[in-house]
Amino acid sequence: MRIDQLNVTLRARSEWEAMELGTALVRRHARAIWLPLIAVSLPLFVLINAAAWWADAFGWAWLAMWWLKPVPDRIALYVISRGVFGDEPRPLQTLRAQRHWGWSGFWGYLGWRRFSPFRSLLLPVNLLEGSDAAQRSVRRRAVLSGTFGHAVLLTLMCMVFELVIVSGCIAAIFLFVPLELLSDSWRAAWEMVRENMPAWAKLGVNALFWLAATLIGPFHAGAGFALYLNRRTEMEAWDVEIAFRRMRDRLQQAAPLLVLALVLCWPMGGLRAEEPAQAPSCAAPTDTDDDEEDEPDAVPADDPSNTPAVIFGGTPDTAGFRQAVQRAYEDPLVTPTRDVKRWERTLSDAEKNKKKDDADKDRNPFGRGPRLPAQIAEWILWGLVGLLVLGLIATAPWWLRWLRGTGVRRRRPTDPVVEEAVELPEVIPPDPAARARDLWQQGRPRQALALLYRASVESMSERAEVVLPPGATEAQCLRASRRMPVEADRTLFARIVRVWQYAAYAGRLPEPEDFEDLATTLQTQFRWRA
């Protein structure tokens, strides 16, 4: 594998980033993936369901379609594995390559390994590496050892997406059912599914499952291939290898300049090397080890100058010299010694064996005997102590101020809530617009808007010739206003209702100019007295 030709950046990614990279590769090569995939899976779907229709066994058709899902996966894997090297195959090339590509390591995924949740991660090991069966087994274990949990989660997520697509398509059918017929349609559909589902409905469900598998399957295979690449990058340090190769290329480009610099600087280095040889050596002699007799400057043992007579002068008294040396060694200040005696109890053989076993247990905490449960209990207690300390540190801002005597919470003073009861008048005055303006000037805007709303409701009831029930809501008033023959009246009434709702329920009052304009328009439109 020429990893230097990869058009994706190899680096240490997390498993989630690797799966996202795989989905990005699928989107990049979408046309090259789905065209051959549909060309293979669609005839297969038609053939299986035609046989199921003839034999009235659509359940077996669904099972056969599910069992053959690794076949489209190999198509997506073939396209992505070539596309990461910048060699995206054409759809016809992909279809031709399926006749001879990777079948020797693929049959297991249509047999005993069909239920494996690691198919997307391990399928590249069988189809791309080209090793024999024994090596494939070792490689699968090595690749799976670091990321099997994320491979299982990937498979589960793809299954959930397929179920969501199928259920969403089924639910979309009922969006076209009128609301008043929805409950009856649900009941009829449930009875049809429970009692005797017709063949066309079973064929439709199988078609939805085929559509979901066709849409999600390439993303499943692409994310698994990216997990495989990420795992090999971790095991074989591909990112480091690529960095070294780039460094080698840069050094090869700079090699002529380095050789030229070396050639130019070589004579200067030779002259500098000869200068220390011409200078006299003034270094002081250094002490040597016991091997100095091997050096040429060392004095040999048979040298006449290396004798007691030459060293001590004259004829020395060697016997007296030895006695002086002996007395010097016997001096207690030179070689101080003392005798220490202590009593020890003699142990029996059983006690010695027991003591040896205790020492072995101390060296091996996981040995036999009651020490292992005690050790585990001690670790658990230390873990609880550590969790307690972490909890105290995390909650220190809450309990530390109580220890300091400042634990009383100081609430911010809140402004008193001023409540104003809005009382709608029982009898509408003949000039509601003028009375509303007076209330607005007095600082009672909600009362003013309530008066305008109540007067508008009465005017609407007269023009629409309807009688509203006591306590009618705004929605009931709006429905009744549709009977007014003039469009301008209906629009104006909807405007006053909206302004009143904003003021009553949301606390949003209109601007003084907007209020004046609304009051004037209502007075003119509904012919109120000025």
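Just so you know, residue 1 is the first one in the sequence shown, and it goes up from there. Small disclaimer: the values here were computed from a predicted structure and weren't measured.
Using a 4.5 Å cut-off on side-chain heavy atoms (C-beta onward), Leu68 and Ile48 make contact. Pro117 is not listed as a side-chain neighbour of Leu156, based on a closest heavy-atom distance of 4.5 Å or more. Proximity of Phe209 to Glu162: side-chain heavy atoms (C-beta onward) are nowhere separated by under 4.5 Å. Taking the side chain as every heavy atom from C-beta outward, Leu509 and Arg446 approach each other to under 4.5 Å. The shortest side-chain heavy-atom distance between Met65 and Asn49 falls under the 4.5 Å cut-off. Looking only at side-chain heavy atoms (C-beta outward), Leu208 and Ile165 stay at 4.5 Å or farther from each other.
Ring pair Trp500/Tyr453 is parallel by interplanar angle, where below 30° counts as parallel and above 60° as perpendicular.
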Given side-chain contact (heavy atoms from CB on, under 4.5 Å), test Cys158 with Leu154 step by step and report yes or no. CA-CA 6 Å; Cys158 291; Leu154 172 63; 4.0 Å; yes
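A 6.0 Å sphere centred on CH2 of Trp60 holds no more than 12 heavy atoms belonging to other residues, nucleotides or ligands. By the 6.0 Å contact criterion, CD on Glu20 is open, its count of non-hydrogen atoms from other residues, nucleotides or ligands being 12 or less. Within a 6.0 Å sphere centred on CZ of Arg114, other residues, nucleotides and ligands contribute more than 12 heavy atoms. No more than 12 heavy atoms of other residues, nucleotides or ligands shown are found within 6.0 angstrom of CZ on Phe161.
Between the CG atom in Asp514 and the CZ atom in Arg495 there is a gap of 7.5 Å [rounded to 0.5 Å]. Taking CD1 from Ile38 and CG from Leu211, the interatomic distance works out to 9.0 Å, rounded to the nearest 0.5 Å. A distance of 10.0 Å separates CE in Met19 from NE2 in His220, rounded to the nearest 0.5 Å. With rounding to the nearest 0.5 Å, the separation of CG in Asn126 from CZ in Arg119 is 12.0 Å. Note that CG of Leu123 is 10.0 Å distant from OG of Ser81, once rounded to the nearest 0.5 Å. Note: Gln98 CD to Phe106 CZ = 9.0 Å, rounded to the nearest 0.5 Å.
Minimum interatomic distance between Leu478 and Ala494 (heavy atoms only, all atoms of both residues): CD2-CA, 3.9 Å. Summarising the geometry of Trp34 relative to Thr214, their closest heavy-atom pair is NE1-O, 2.8 Å, with the distance given to 0.1 Å. Annotation for Ala76 and Pro218: closest pair CB-CA, 4.1 Å, computed over non-hydrogen atoms.
Judged by distance alone, the side chains of Arg498 and Tyr502 never bring a donor and an acceptor atom under 3.5 Å apart.
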